[in-house]
J.: 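The structure that follows is given in the form of structure tokens.
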Amino acid sequence: MKVGFYQFRPQFGKIAANTKKIIKTLDKIDADLIVLPELALSGYYFKDDKEALSLAEDPNHSTNIDSIINLCRDNRIHIVIGFAEKAKDKCFNSSALIGPQGIIHIYRKLHLFNEEKFCMSPGDVPLKVNEVNGVKLGMMVCFDWAFPEVTRTLAMNDAEIICHPSNLVLNFCQQTMLARCLENRVFAITANRFGSDNRPHGSLRFTGKSQIVSPKGELIFRAASQREACYITEINPTESHDKFITKHNNLFSDRRPNFYEL
Ligand code: ACM
């Protein structure tokens with residue numbers, strides 16, 4: 001299976017331009033699955049909830065999401081893309097799994113980071129694993145990395161690849177994801193953005209370094225910090241099925257949940 005990510009620098013509020021850039025880069029791409037960053041269409045650093053909602057897409061009535069669906073259909077690929085999701089008067093920080101037939105699933109970020117709490121609503125749907133061409137895909141968004149329960153839940157629901165759209169500003173995630181993959185024996189594709197959102201209320205700089213990690217916790221590839229990168233590699237998702245870390249230790253069946261007071 002050919003999987004990859006597209007690390008780029010969305011322009012804040014320029015939804016049509018960002019969509020066009022994604023399509024220009026990914027049209028004719030030779031891949032099965034491409035992961036894009038969090039909030040890839042709108043940019044990240046909203047002033048408040050009104051601004052977030054004004055830049056959000058209702059996925060059922062969005063020419064921009066429709067363009068991504070057409071991109072998937074024309075190239076027979078699957079895309080995971082982070083976007084601001086408008087649902088009535090709420091805005092969620094969501095991730096859509098899209099294929100040639102349309103939207104397959106939307107995940108709404110469970111753990112909002114810092115000022116996101118003032119601009120968006122926390123996710124309200126359970127974590128879900130979706131099977132695409134026989135491969136089981138889980139989605140989480142950016143700061144979900146800091147909550148090991150998310151990766152664990154996806155892995156225990158048989159996810160083989162975790163798709164992880166991100167807009168990282170702290171420096172901890174990329175290394176931490178090696179442990180998340182090792183302890184769950186899954187692949188993870190973290191697609192981060194680079195550049196800055198310079199807004200009247202402040203600036204945020206994003207850390208790039210998008211990466212793909214193997215179920216053994218090995219870094220398959222990590223992009224540069226502040227450069228555009230479209231990277232694709234061949235992986236075997238079934239490598240995630242072996243949950244043994246030694247001959248006598250299975251990372252799932254050795255768990256002792258009766259002793260975890262969580
Ligand atoms: C983040 O969750 N975008 C840091």
Side-chain angles (χ1 to χ4, degrees), residues 5-15 18 22 35-49 51-53 55-57 79-86 90-97 106-125 127 138-154 162-181 188-199 201-213 222-226 228-229:
F5 59 76
Y6 177 35
Q7 168 173 308
F8 74 111
R9 173 171 43 184
Q11 296 179 67
F12 187 86
K14 305 256 172 72
I15 298 175
N18 294 330
I22 292 167
V35 184
L36 292 163
E38 178 183 11
L39 298 171
L41 301 178
S42 58
Y44 179 82
Y45 200 13
F46 303 118
K47 180 175 63 172
D48 54 24
D49 54 349
E51 185 177 60
L53 199 58
L55 293 170
E57 309 289 311
I79 286 179
V80 170
I81 180 169
F83 74 108
E85 181 193 358
K86 181 175 158 63
K90 284 188 178 174
C91 176
F92 294 97
N93 188 340
S94 296
S95 171
L97 169 62
I106 293 178
Y107 163 70
R108 295 172 168 170
K109 185 177 186 177
L110 289 174
H111 302 97
L112 297 178
F113 177 72
N114 207 357
E115 290 154 278
E116 284 174 33
K117 291 189 176 187
F118 310 125
C119 302
M120 286 176 276
S121 298
D124 58 357
V125 287
L127 291 157
M139 290 190 281
M140 61 187 219
V141 174
C142 203
F143 191 50
D144 285 330
W145 69 264
F147 299 84
E149 295 86 350
V150 175
T151 331
R152 181 64 107 194
T153 301
L154 291 170
I162 309 279
C163 304
H164 184 206
S166 296
N167 278 187
L168 294 159
V169 291
L170 303 178
N171 280 317
F172 312 117
C173 171
Q174 285 89 342
Q175 281 307 102
T176 304
M177 284 308 291
L178 305 187
R180 293 287 168 276
C181 289
I189 305 171
T190 298
N192 196 17
R193 63 163 288 180
F194 74 101
S196 304
D197 272 353
N198 299 314
R199 305 294 323 285
H201 56 284
S203 293
L204 280 180
R205 184 174 162 84
F206 303 92
T207 58
K209 298 184 185 174
S210 298
Q211 64 183 25
I212 303 181
V213 181
R222 181 178 284 166
S225 168
Q226 296 300 314
E228 194 163 308

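Not measured: the values here are computed from a predicted model. Throughout, residue positions are numbered sequentially from 1 according to the sequence presented. Atoms within a ligand are numbered from 1 in the order they appear, just like the ligands themselves.
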J.: Give the C-alpha distance, both sets of side-chain angles, the deciding distance and a yes or no for side-chain contact (heavy atoms from CB on, under 4.5 Å) between Ile106 and Val125.
T.: CA-CA 9 Å; Ile106 293 178; Val125 287; over 6 Å; no

J.: Among the heavy atoms of Glu116, does any lie under 4.0 Å from an atom of ligand 1?
T.: yes

J.: Going by atom types only, do Asn192 and Thr207 share a side-chain donor-acceptor pair under 3.5 Å?
T.: yes

J.: Does Lys109 pair with Asp144 as a salt bridge, N-O distance under 4.0 Å?
T.: no

J.: Mark yes or no: Arg199 above the aromatic ring of Phe12, with NZ or CZ under 6.0 Å from the six-membered ring centre and no more than 45 degrees from the axis.
T.: yes

J.: List every atom of ligand 1 that sits less than 4.0 Å from any heavy atom of Tyr44, numbering the atoms from 1 in the order shown and giving each element.
T.: 3 (N)

J.: Of the side chain and backbone of Phe143, name the one, both, or neither that has a heavy atom under 4.0 Å from an atom of ligand 1.
T.: both

J.: Give me the residue, atom name and distance of the protein heavy atom closest to atom 2 (O) of ligand 1.
T.: Lys109 NZ, 2.7 Å

J.: Working to the nearest 0.5 Å, report the span between OG of Ser210 and CD of Gln174.
T.: 8.0 Å

J.: What atoms of ligand 1 come within less than 4.0 Å of a heavy atom belonging to Glu38?
T.: 1 (C), 3 (N)

J.: For atom 1 (C) of ligand 1, what is the closest protein heavy atom, and at what distance to 0.1 Å?
T.: Cys142 SG, 2.9 Å

